Amino acid sequence: MLNEKNLEVLKEEFNLIPDEKTVEKVNLWHKMFLEYNSHTNLMSRGDTDKLFEKHVFDSLAVLKWDEFDPSKKQKILDAGTGGGFPSVILALFFPELEIVANDSRMKKINFIIEIKDRLDVENLKISYARVEDLEPLNCDIVISRAVGTIKNVLRLTKKHIKEGGHFIIYKSKTLEEELSEVKDLQAKIINYNLPLEGDYKRRLAIIKI
């Protein structure tokens with residue numbers, strides 16, 4: 001997973017140089033993810049061959065936002081975390097952050113619980129519930145990846161964002177169409193490519209609340 005080639009990608013793309021302990025934990029997470037996915041579907045089996053390029057790298061793309069400073073003790077809610085992207089990845093790389101991994105599907109949450117316990121990820125909190133049913137969490141950032149439209153996810157999660165906080169959502173082809181549904185909000189757009197052969201364009205939409 002975090003072999004020499006991928007570590008070089010992280011350095012070049014994000015100026016990120018993880019220490020040995022982080023590399024060890026991420027590589028153990030990778031092993032656990034593949035084992036769990038072999039019997040409980042966290043993602044398509046075909047995607048696991050490109051787990052770093054499509055999911056780990058993508059989770060870290062928030063580093064391309066120049067206002068994101070993982071050294072600050074910020075609280076981040078990952079709404080609909082699924083297999084732990086980006087919640088688990090951010091928690092493993094940045095222990096200063098307080099990450100809340102939320103999902104309403106027990107098979108996904110069970111995996112997050114196993115990761116937290118076995119890897120001793122103290123900064124990772126787990127929330128098994130529909131995000132709209134939670135009491136306001138007063139987060140600096142709500143982040144969402146592959147869950148729903150901007151309008152719908154923001155509607156369900158806005159109460160969890162403190163004033164002056166940010167909503168971040170990962171998108172690709174439907175971004176302009178979805179932003180047209182929330183014309184009263186201004187979004188900063190960050191474009192990037194996944195480290196794969198071919199044209200794998202991705203985008204982050206960042207909205208200040």
Side-chain angles (χ1 to χ4, degrees), residues 1-2 10 14 16 18-19 21-30 32-33 36 42-43 51-52 54-65 67-148 153-154 156-162 164-170 190 204-207 209:
M1 165 56 69
L2 288 187
L10 295 183
F14 306 124
L16 179 60
D19 59 26
K21 183 178 179 180
T22 300
V23 171
E24 182 180 340
K25 281 195 172 186
V26 172
N27 285 338
L28 182 53
W29 161 84
H30 179 231
M32 291 173 63
F33 188 97
Y36 197 91
L42 295 171
M43 69 167 54
L51 193 53
F52 172 81
K54 288 187 175 182
H55 300 282
V56 175
F57 179 96
D58 201 37
S59 294
L60 293 169
V62 67
L63 290 168
K64 290 186 174 291
W65 178 33
E67 293 185 38
F68 182 70
D69 183 356
S71 68
K72 293 181 179 178
K73 294 183 181 299
Q74 292 183 307
K75 185 176 183 179
I76 299 176
L77 167 65
D78 178 10
T81 191
F85 306 106
S87 63
V88 170
I89 303 305
L90 293 178
L92 288 173
F93 275 91
F94 307 117
E96 299 86 355
L97 298 174
E98 179 184 345
I99 307 292
V100 181
N102 164 262
D103 210 286
S104 60
R105 296 163 292 180
M106 197 66 223
K107 70 175 183 179
K108 310 285 188 178
I109 288 296
N110 282 337
F111 175 67
I112 307 298
I113 291 171
E114 187 174 333
I115 289 294
K116 176 179 173 63
D117 291 346
R118 287 186 57 187
L119 298 186
D120 192 26
V121 192
E122 294 182 357
N123 61 323
L124 180 64
K125 314 301 180 185
I126 299 169
S127 166
Y128 172 52
R130 294 170 63 89
V131 71
E132 63 268 31
D133 294 336
L134 297 172
E135 292 296 318
L137 296 174
N138 196 37
C139 296
D140 298 284
I141 296 171
V142 165
I143 197 164
S144 185
R145 180 177 181 266
V147 172
V153 179
L154 185 55
L156 296 174
T157 63
K158 189 174 180 180
K159 69 176 181 179
H160 300 301
I161 308 171
K162 65 172 58 174
H166 292 84
F167 172 77
I168 302 176
I169 193 164
Y170 292 75
I190 295 176
L204 289 176
I206 302 163
I207 298 171
I209 303 302

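It should be emphasised that the depicted structure is a prediction, and the values quoted were computed from it without experimental measurement.
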Scan for ring pair (Phe, Tyr, Trp, His ring centres under 6.0 Å) pairs involving residues 105-130, sequence neighbours excluded, and state none if there are none.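 Residue pairs passing ring pair (Phe, Tyr, Trp, His ring centres under 6.0 Å), neighbours aside: Phe33-Phe111, Tyr36-Phe111.
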Is there a donor-acceptor pair under 3.5 Å between the side chain of [X] and the backbone N or O of [Y]?
X	Y	result
Lys25	Leu92	no
Asp78	Gly84	no
Lys64	Phe14	no

Looking at every heavy atom in both [X] and [Y], which two are closest together, and how far apart are they?
X	Y	result
Glu135	His160	O-CE1, 3.4 Å
Leu204	Ala61	CD1-O, 3.6 Å
Cys139	Leu77	SG-CB, 3.7 Å
Ser127	Leu134	OG-CD1, 3.4 Å
Ala79	Thr157	CB-CG2, 3.8 Å
Ala101	Ser87	CB-OG, 3.5 Å

How are the rings of Phe68 and Phe94 set to each other: parallel, tilted or perpendicular (split at 30° and 60°)?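 Taking Phe94 first and then Phe68, their aromatic rings stand perpendicular (interplane angle over 60°).
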Summary of salt bridge (Lys or Arg N to Asp or Glu O under 4.0 Å) pairs that have at least one residue in residues 67-76, sequence neighbours excluded: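 Listed by first then second residue: nothing to list.
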Among residues two or more places apart or on two chains, list those pairs meeting salt bridge (Lys or Arg N to Asp or Glu O under 4.0 Å) that have a residue in residues 137-148.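 Passing the test, one end in residues 137-148: Asp58-Arg145, Asp140-Lys162.
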Which residues satisfy the salt bridge (Lys or Arg N to Asp or Glu O under 4.0 Å) test with Glu132, sequence neighbours excluded?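 Listed in chain order: Arg130.
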Residue list, salt bridge (Lys or Arg N to Asp or Glu O under 4.0 Å) with Lys159, at least two apart or on another chain: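 With sequence neighbours excluded, Lys159 shows a salt bridge (Lys or Arg N to Asp or Glu O under 4.0 Å) to no residue whatsoever.
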[X] side, atom [atom1]; [Y] side, atom [atom2] - distance, nearest 0.5 Å:
X	Y	atom1	atom2	result
Ile113	Ile126	CD1	CD1	5.0 Å
Ile209	Lys158	CD1	NZ	5.5 Å
Thr22	Leu2	OG1	CG	9.0 Å
Leu28	Leu119	CG	CG	5.0 Å
Ile99	Ile76	CD1	CD1	4.0 Å
His55	Leu60	NE2	CG	13.0 Å

Charged N to carboxylate O under 4.0 angstrom, Arg105 versus Asp103?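 Answer for the salt bridge query: yes.
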Got [X] and [Y] here, is their nearest side-chain heavy-atom distance under 4.5 Å?
X	Y	value
Val62	Leu90	yes
Ile143	Pro86	yes
Trp29	Met1	yes

Evaluate the criterion side chain to side chain contact (heavy atoms under 4.5 Å, CB included) for residue pair Phe93 and Leu63; output intermediate values, then yes/no. CA-CA 11 Å; Phe93 275 91; Leu63 290 168; over 6 Å; no
Taking it one step at a time, do Asn102 and Leu137 satisfy side chain to side chain contact (heavy atoms under 4.5 Å, CB included)? CA-CA 11 Å; Asn102 164 262; Leu137 296 174; over 6 Å; no
Intermediate values then yes/no, side chain to side chain contact (heavy atoms under 4.5 Å, CB included), Phe52 and Leu10: CA-CA 10 Å; Phe52 172 81; Leu10 295 183; 3.9 Å; yes
Lys108 vs Thr81, test: side chain to side chain contact (heavy atoms under 4.5 Å, CB included). Steps then yes/no. CA-CA 8 Å; Lys108 310 285 188 178; Thr81 191; 5.8 Å; no
side-chain contact (heavy atoms from CB on, under 4.5 Å) with Glu122: which residues, sequence neighbours excluded?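 Listed in chain order: Asp120.
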Does atom CD of Glu96 have more than 12 heavy-atom neighbours from other groups under 6.0 Å away?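 Check passes, neighbour count above 12.
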